[in-house]
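These notes are about the structure you will find just below.
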Amino acid sequence: MTPRERRLREQAQRHRLILTTAREMAESEGWDYVTTRRLADRIEYSQPVLYQHFKNKDAIVHAVALEGFAELAAALRTAREAAGDPQEALGAVARAYADFAERGPVLYEAMLTLDPGEDTGEDTTGEDTTGAAGTPAPLADVLAEIRQAVEPVAAGRDGGLLAEVLWSAWHGLAALTRAGRLRPDPARQRLAALTGALLGPAAQPV
């Protein structure tokens, strides 16, 4: 291994350590507890070393959020591909989304609640901008997975629009459930009712 290869490997290891530790700290104490000083102390690196990888805390949250979107897209894809028919696939994707938000509320908060800012200083080389202008590839992948589940049952309607509406509704249900505003028991019935209301015959244009 050349000195350059060794240096790049060490940088990648530090990068991964920073993100993993930030997630662990947030899961333990919440994102307010995560500061660059505390993070540097936890990983036993100086703050200047940490700043070589991330401009500030917002950049770290942004990177964690991108990881979360990649993990969510993979979970939705697995659920969709394991289903037997289009209707089952859409229900499976809805449940996978709700389960993801419930299992990792701190990660979900980083993804869809916290504002990581516009210029985080993170290296985003190779980042796609499909979807809305400037949409990172992992975020676009989530919407693409929802759209792939929706289009086979969209009955000629705009699959992209329906995917956006479903995503918005799923996020609203997840946020309200986490906040204790909704009863946790009928969560799956709510998902089914939502899908039926948006995609059922009664909702189709005359």
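Here the structure is a predicted model, which is why all the values come from computation and not from measurement.
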Closest non-hydrogen atom pair between Ala22 and Leu39, with its separation: N-CD1, 3.8 Å
Cluster overlap Leu8 with Leu17, hydrophobic side-chain contacts below 4.5 Å: no
Smallest separation among heavy atoms of Pro152 and Pro86, with atom names: CB-CB, 3.8 Å
Donor-acceptor under 3.5 Å (Glu5 side chain, Met1 main chain): no
Phe100 side chain reached by Leu76 side chain, heavy atoms, under 4.5 Å: no
Validation row: Phe54, Val61 side chains within 4.5 angstrom (heavy atoms): no
Rounded distance [0.5 Å steps], NZ in Lys57 versus OG1 in Thr35: 7.5 Å
Gap separating the CD1 atom of Ile146 from the CD atom of Gln148, nearest 0.5 angstrom: 11.0 Å
Asp158 side, atom CG; Glu151 side, atom CD - distance, nearest 0.5 Å: 8.5 Å
Heavy-atom pair with the smallest gap, counting every atom of Val150 and Gly159: CG1-O, 4.0 Å
Distance, nearest 0.5 Å, that separates OG1 of Thr20 from NE2 of His15: 9.5 Å
Thr36 side chain reached by Tyr51 side chain, heavy atoms, under 4.5 Å: yes
side-chain contact (heavy atoms from CB on, under 4.5 Å) between Val153 and Gln87, worked out: CA-CA 7 Å; Val153 294; Gln87 287 285 354; 3.9 Å; yes
Beyond-backbone contact of Leu143 with Leu139, side-chain heavy atoms, under 4.5 angstrom: no
Other residues, nucleotides, ligands: >12 heavy atoms within 6.0 Å of Glu81 CD: yes
Over 12 non-hydrogen atoms of neighbours within 6.0 angstrom of CZ in Arg37: no
Check ion pair Glu71-Arg23 (N to O, under 4.0 angstrom): yes
His171 side chain to Tyr108 side chain, donor-acceptor N/O pair below 3.5 angstrom: yes
Close side-chain approach of Leu194 and Trp170, heavy atoms under 4.5 Å: yes
Reference residue Ile60; test side-chain contact (heavy atoms from CB on, under 4.5 Å); the match among Leu50, Val34, Thr21: Leu50
Smallest separation among heavy atoms of Ala96 and Ala79, with atom names: CB-CB, 3.7 Å
Arg42 with Glu24: basic N within carboxylate O range, under 4.0 Å: no
Side chains of Leu166 and Leu90 in contact at under 4.5 Å (non-hydrogen atoms): yes
side-chain hydrogen bond (donor to acceptor under 3.5 Å, both in side chains) contacts touching residues 177-198 (sequence neighbours left out): Asp99-Arg188
Per-pair distances, 0.1 Å, donor-acceptor, side chain in residues 25-33, under 3.5 Å, sequence neighbours excluded:
| from | atom 1 | to | atom 2 | distance (Å) |
| --- | --- | --- | --- | --- |
| Trp31 | NE1 | Val106 | O | 3.0 |

Heavy-atom pair with the smallest gap, counting every atom of Ala110 and Ala65: O-CB, 3.5 Å
Approximate separation, where rounding is to 0.5 Å, of His62 NE2 and Asn56 CG: 11.0 Å
